[in-house]
Participant: 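For reference, the structure I am asking about is given below.
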Amino acid sequence: QVQLVESGGGLVQAGGSLRLSCAASGRTANTYTMGWFRQAPGKGREFVAAILWSGVITYYTDSVKGRFTISRDNAKNTMTLQMSSLKPEDAAVYYCAAKSSGGEYRDESEYDYWGQGTQVTVSS
């Protein structure tokens, strides 16, 4: 079992930056891929970014490319999402997730573990 805890959410003005963190605990040896999803009110969870175990290969949804950066530190069992140039449409609850590999990384159903979510609010 793997436990994930997000932190770093809050209120930020449009154009500002925010750094989200995800701390993993438990049996994390097989969490080959980790990702971030977000959910706005009345919407389903949307894929944001993912990173493979090595930390070298990353994926981003088109709307955040060039603005968000995903990274991980396996020694510390942490993953981060550095968000810059934030827009009001980025406002959502952001979830940290992990999967024991398998290939697909954009589909929420592929992930095995989820954090509780952290709220990101962006004011205009």
Participant: Is the backbone of Gly35 close enough, under 3.5 Å, to the side chain of Lys99 for a donor and an acceptor to pair up by distance?
Facilitator: no
Participant: Let me confirm one number: the OG1-CG distance from Thr33 to Leu52, rounded to the nearest 0.5 Å.
Facilitator: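 If I round to the nearest 0.5 Å, the distance is 4.0 Å.
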Participant: May I ask you to check whether over 12 heavy atoms, not counting those of Trp53, lie within 6.0 Å of atom CH2?
Facilitator: no
Participant: If you define the side chain from C-beta out and look only at heavy atoms, does anything of Tyr59 sit under 4.5 Å from Ile51?
Facilitator: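 Not in contact.
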Participant: For residues Ser21 and Thr80, is any side-chain donor paired with an opposing acceptor at under 3.5 Å?
Facilitator: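 Side chains of Ser21 and Thr80: no pair found under 3.5 Å.
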Participant: Could you check whether any side-chain heavy atom of Met83 comes within less than 4.5 Å of a side-chain heavy atom of Val48, counting everything from C-beta outward?
Facilitator: no
Participant: Looking at Ile70, is its backbone amide N or carbonyl O close enough to the side chain of Tyr60 to form a donor-acceptor pair, meaning the two atoms are under 3.5 Å apart?
Facilitator: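 Side chain of Tyr60 to backbone of Ile70: a pair is present.
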Participant: Got a donor-acceptor contact below 3.5 angstrom from the Tyr111 side chain to the Tyr105 backbone?
Facilitator: yes
Participant: Can you tell me how far CZ of Phe68 sits from CG of Leu20, rounded to the nearest 0.5 angstrom?
Facilitator: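 It is 8.0 Å, given to the nearest 0.5 Å.
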Participant: Assess whether side-chain contact (heavy atoms from CB on, under 4.5 Å) is satisfied between Val122 and Glu89, documenting all intermediate values.
Facilitator: CA-CA 8 Å; Val122 184; Glu89 52 263 43; over 6 Å; no
Participant: Could you check whether Tyr95 and Phe37 have their ring centres less than 6.0 Å apart?
Facilitator: no
Participant: Are more than 12 heavy atoms, taken from residues, nucleotides or ligands other than Gln1, located less than 6.0 Å from that residue's CD atom?
Facilitator: no
Participant: Where do Lys43 and Gln39 come nearest, in terms of heavy atoms and distance?
Facilitator: O-NE2, 2.8 Å
Participant: CG of Leu81 to CE of Met79: how many Å apart, nearest 0.5 Å?
Facilitator: 7.5 Å
Participant: When you check the side-chain N and O atoms of Ser25 and Gln3, is any donor under 3.5 Å from an acceptor?
Facilitator: yes
Participant: Could Asp62 and Lys65 be called an ion pair, given the rule that one side-chain N must be under 4.0 Å from one carboxylate O?
Facilitator: yes
Participant: Quick check: does any side chain N or O of Glu6 sit under 3.5 Å from a backbone N or O of Cys22, one acting as donor and the other as acceptor?
Facilitator: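 No, Glu6 side chain to Cys22 backbone: no donor-acceptor pair under 3.5 Å.
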Participant: Compare all side-chain heavy atoms of Leu11 with those of Gln119 and state whether any distance is below 4.5 angstrom.
Facilitator: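 SC-SC contact between Leu11 and Gln119 ruled out.
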Participant: Please determine whether side-chain contact (heavy atoms from CB on, under 4.5 Å) holds for the pair Val120 and Leu18, giving the CA-CA distance in whole Å, both sets of side-chain angles, and the decisive distance to 0.1 Å.
Facilitator: CA-CA 9 Å; Val120 172; Leu18 205 60; 4.0 Å; yes
Participant: Distance from Arg38 atom CZ to Thr118 atom OG1, nearest 0.5 Å?
Facilitator: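 Going from CZ on Arg38 over to OG1 on Thr118, the span is 14.0 Å.
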Participant: Kindly compute the distance separating CD (Glu46) from OH (Tyr94), expressed to the nearest 0.5 Å.
Facilitator: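 Glu46 atom CD to Tyr94 atom OH measures 8.0 Å (nearest 0.5 Å).
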Participant: For residues Trp36 and Phe47, establish whether the separation of their ring centroids is below 6.0 Å.
Facilitator: no
Participant: Which pair of non-hydrogen atoms, one from Ser124 and one from Pro88, has the smallest distance, and what is that distance?
Facilitator: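 Residues Ser124 and Pro88, closest heavy atoms: CB-CG, 4.3 Å.
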Participant: When rounded to the nearest 0.5 angstrom, what is the spacing between CZ in Arg72 and OG1 in Thr78?
Facilitator: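 Atom-to-atom, Arg72:CZ and Thr78:OG1 are 9.5 Å apart.
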Participant: Would you find a donor on one side and an acceptor on the other, under 3.5 Å apart, between the side chain of Arg67 and the backbone of Ser85?
Facilitator: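 It does hold such a pair.
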Participant: Decide yes or no for Leu4 and Trp114: does some side-chain heavy atom of the first lie under 4.5 Å from some side-chain heavy atom of the second?
Facilitator: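 Counting from C-beta outward, Leu4 and Trp114 never come under 4.5 Å.
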Participant: Determine whether more than 12 heavy atoms belonging to other residues, nucleotides or ligands lie under 6.0 Å from atom CD of Gln116.
Facilitator: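 Yes, enclosed.
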Participant: Below 4.5 Å, heavy atoms only, C-beta onward: do Ser17 and Gln82 meet side chain to side chain?
Facilitator: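 With C-beta onward as the side chain, the pair touches.
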